[in-house]
Colleague: 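What follows is a single structure, and I will ask about it in a moment.
Source: prediction; values computed, not measured. Positions are given from 1, in the same order as the sequence printed here.
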Amino acid sequence: MQNVTAAGLGIGDDYPPRIMGVLNVSEESPYDPSVYDDPGEAAAYVDEELIGEGADIVDVGLESANKRFEVLSAEQELDRLDTAVEAIESVSGDAVFSIETRYAEVADEALSRGFDMVNDICGFADPAMPDVCRERDAAVVKMASPPDLKRPGAVEKPDDIYEALKREGLTDKTIVDPAFGGWSEEKTLEDDRETFRRLREFRGLGRPILVSINRKNFLRDVAGRSTEAALPVSLAATSMAVERGAHVVRTHDVAETADAAKIGAAFARDRVAEDVDGIGVEELDVTVAGEAARHLDRLGADADLADEMATQVFELSGLSTDEREALGAAAPDAGAVVAPGESGVLVAGSPAELGRLRTLVDGAADRLRAALESVGEPKR
């Protein structure tokens, strides 16, 4: 995993999870508590409610990205930039300031006037955006989107989201965002939930991950909560996201989200990451073959080997003596591990090894063969 720095702030596996608070200078933004058009009031809000509550990054939006509203032009965004610049210049606290935009022209102007990084909600649909960020040595969040400046986040399925993030490449300081939320009419709540289940796969891009899941519908729907009552589900998901590899959490509820992120980080499993005489050693966060496949693709290796790389462990109970013997006899040739105990048998191996085990058990062991058919790639 490649760490990223944004105005000196480290982001990635070697750093604690970072909290991105939100300020909107867009009058049409749907979340009232973060909307200000007076620079002084905006600065006070940032100092007291964002930085004062633990935000590391402040993301400033010039327009609502809600699909119900007309898309502003670059010129219209630039007209609003003065308010944003005056606001951040009036802030007394210390934070990294991010400009949310889809236009390279706006990003360039904002970076020249005091902003530290860019949140590109159209994922490099403006082809000049990567070059602007490289030339300014600026970190940039790349949100998964089609190559269309008018359709931010309009990608539905996890595989398509992954490909959208690969499209147009990544800068050395890119942070990837899987684009949770109702960015398109076609995206379903289940699409978002499946992306969340597969969040570890996005580590295969080799860059830090940002999640924006605060009070989102795909979480609220699970618990049957309104937006106003959805803070607990957001916090639960925040801890899960950090444990699964998220590095930045974008939120309107800064203090509570910061606490939830700390819990997720505290209970995440420690992994090896060392440099041994110039040889880098990094233990990857891989739990299923699909996650391994992403890393193989990143390295240009054979993705078909993914089925050999994720170990699963199952307990089989109720086996007869003959079935135990058949399982033990087939295990060495399959490459699987079989550990018999008094009340059951533990079976461990990669999906490929367990698949070979199914084919190698004695043909007479029909019941055992049927049981092994349920052993396969986990759904989550």
Colleague: Atom CG of residue position Asp275 - does it have more than 12 heavy atoms of other residues, nucleotides or ligands inside 6.0 Å?
Modeller: yes
Colleague: Would you say the side-chain atoms of Asp59 pair up with the backbone N or O of Val22, donor to acceptor, closer than 3.5 Å?
Modeller: no
Colleague: Would a distance-only check, ignoring hydrogens and angles, find a side-chain to backbone donor-acceptor pair under 3.5 Å from Glu323 to Ser320?
Modeller: yes
Colleague: For the pair Glu353 (side chain) and Ala336 (backbone), establish whether a donor and an acceptor sit closer than 3.5 Å, ignoring hydrogens and angles.
Modeller: no
Colleague: What donor-acceptor contacts under 3.5 angstrom involve side-chain atoms of residues 142-151, with partners at least two apart or in another chain?
Modeller:
unit_1, atom_1, unit_2, atom_2, d
Lys142, NZ, Leu165, O, 2.8
Lys142, NZ, Arg167, O, 2.3
Lys142, NZ, Gly169, O, 2.9
Ser145, OG, Ile121, O, 3.0
Ser145, OG, Met143, O, 3.3
Ser145, OG, Gly153, N, 2.7
Asp148, OD1, Lys150, N, 2.9

Colleague: Can you see whether Thr188 engages Asp191 through a side-chain donor-acceptor pair at a distance of less than 3.5 angstrom?
Modeller: yes
Colleague: So does Glu186 get a backbone contact from the side chain of Glu156, meaning a donor-acceptor N/O pair under 3.5 Å?
Modeller: no
Colleague: Run the salt-bridge test on Lys187 and Asp192 with the 4.0 Å N-O cut-off and return the result as yes or no.
Modeller: yes
Colleague: Looking at Gly123, is its backbone amide N or carbonyl O close enough to the side chain of Glu168 to form a donor-acceptor pair, meaning the two atoms are under 3.5 Å apart?
Modeller: no
Colleague: Test: ring-ring contact (aromatic ring centres under 6.0 Å, His included). Region: residues 206-248. Which pairs qualify, not counting sequence neighbours?
Modeller: Phe180-Phe218
Colleague: First locate atom SG of Cys133, then atom CG of Asp172, and finally report the distance between them rounded to the nearest 0.5 Å.
Modeller: 12.0 Å
Colleague: Nearest 0.5 Å, what's the CG-CG distance between Leu327 and Asp322?
Modeller: 12.5 Å
Colleague: Under a 4.0 Å threshold between the charged nitrogen and the carboxylate oxygen, would Asp333 count as salt-bridged to Arg356?
Modeller: no
Colleague: Can we say Asp221 and Arg193 salt-bridge, meaning some charged N sits less than 4.0 Å from an Asp/Glu carboxylate O?
Modeller: yes
Colleague: Is the backbone of Glu291 close enough, under 3.5 Å, to the side chain of Arg203 for a donor and an acceptor to pair up by distance?
Modeller: no
Colleague: Counting distance only, does the side-chain N/O of Glu194 pair as donor-acceptor with the main-chain N or O of Pro158 below 3.5 Å?
Modeller: no
Colleague: Quick test of your reading of the model: are Glu228 and Arg220 salt-bridged, counting only N-O distances below 4.0 Å?
Modeller: no
Colleague: Within this structure, what is the OG-CZ distance for the pair Ser239 and Arg244, rounded to the nearest 0.5 Å?
Modeller: 11.5 Å
Colleague: Is Arg197 salt-bridged to Glu190, cutoff N-O under 4.0 Å?
Modeller: yes
Colleague: Hey, are Arg294 and Asp297 close enough for a salt bridge, meaning a charged N less than 4.0 Å from a carboxylate O?
Modeller: no
Colleague: Quick one: closest heavy-atom pair of Ala261 and Thr238, and the distance?
Modeller: N-CG2, 3.8 Å
Colleague: Evaluate the salt bridge (Lys or Arg N to Asp or Glu O under 4.0 Å) criterion for residues Arg102 and Asp126: first the C-alpha distance (whole Å), next the side-chain angles of each, then the deciding distance (0.1 Å), finally the verdict.
Modeller: CA-CA 7 Å; Arg102 66 194 76 197; Asp126 184 335; over 6 Å; no
Colleague: Rounded to the nearest 0.5 Å, what separates atom CG in Leu62 from atom CD in Glu100?
Modeller: 8.0 Å
Colleague: Can we say Arg207 and Asp177 salt-bridge, meaning some charged N sits less than 4.0 Å from an Asp/Glu carboxylate O?
Modeller: no
Colleague: Hey, is the main chain of Glu41 close enough, under 3.5 Å, to the side chain of Asp38 for a donor-acceptor pair?
Modeller: yes
Colleague: Salt bridge or not for Lys157 and Glu163, using N-O below 4.0 Å?
Modeller: no
Colleague: Return the NZ to OG1 distance between Lys262 and Thr257, rounded to the nearest 0.5 Å.
Modeller: 11.5 Å
Colleague: Keeping Arg215 on the side-chain end and Thr227 on the backbone end, is there a donor-acceptor pair under 3.5 Å?
Modeller: yes
Colleague: Going by atom types alone, do Ser92 and Asp47 pair a side-chain donor with an acceptor below 3.5 Å?
Modeller: yes
Colleague: Can you check whether Asp307's main-chain N or O pairs, donor with acceptor, with Ser350's side chain at less than 3.5 Å?
Modeller: yes
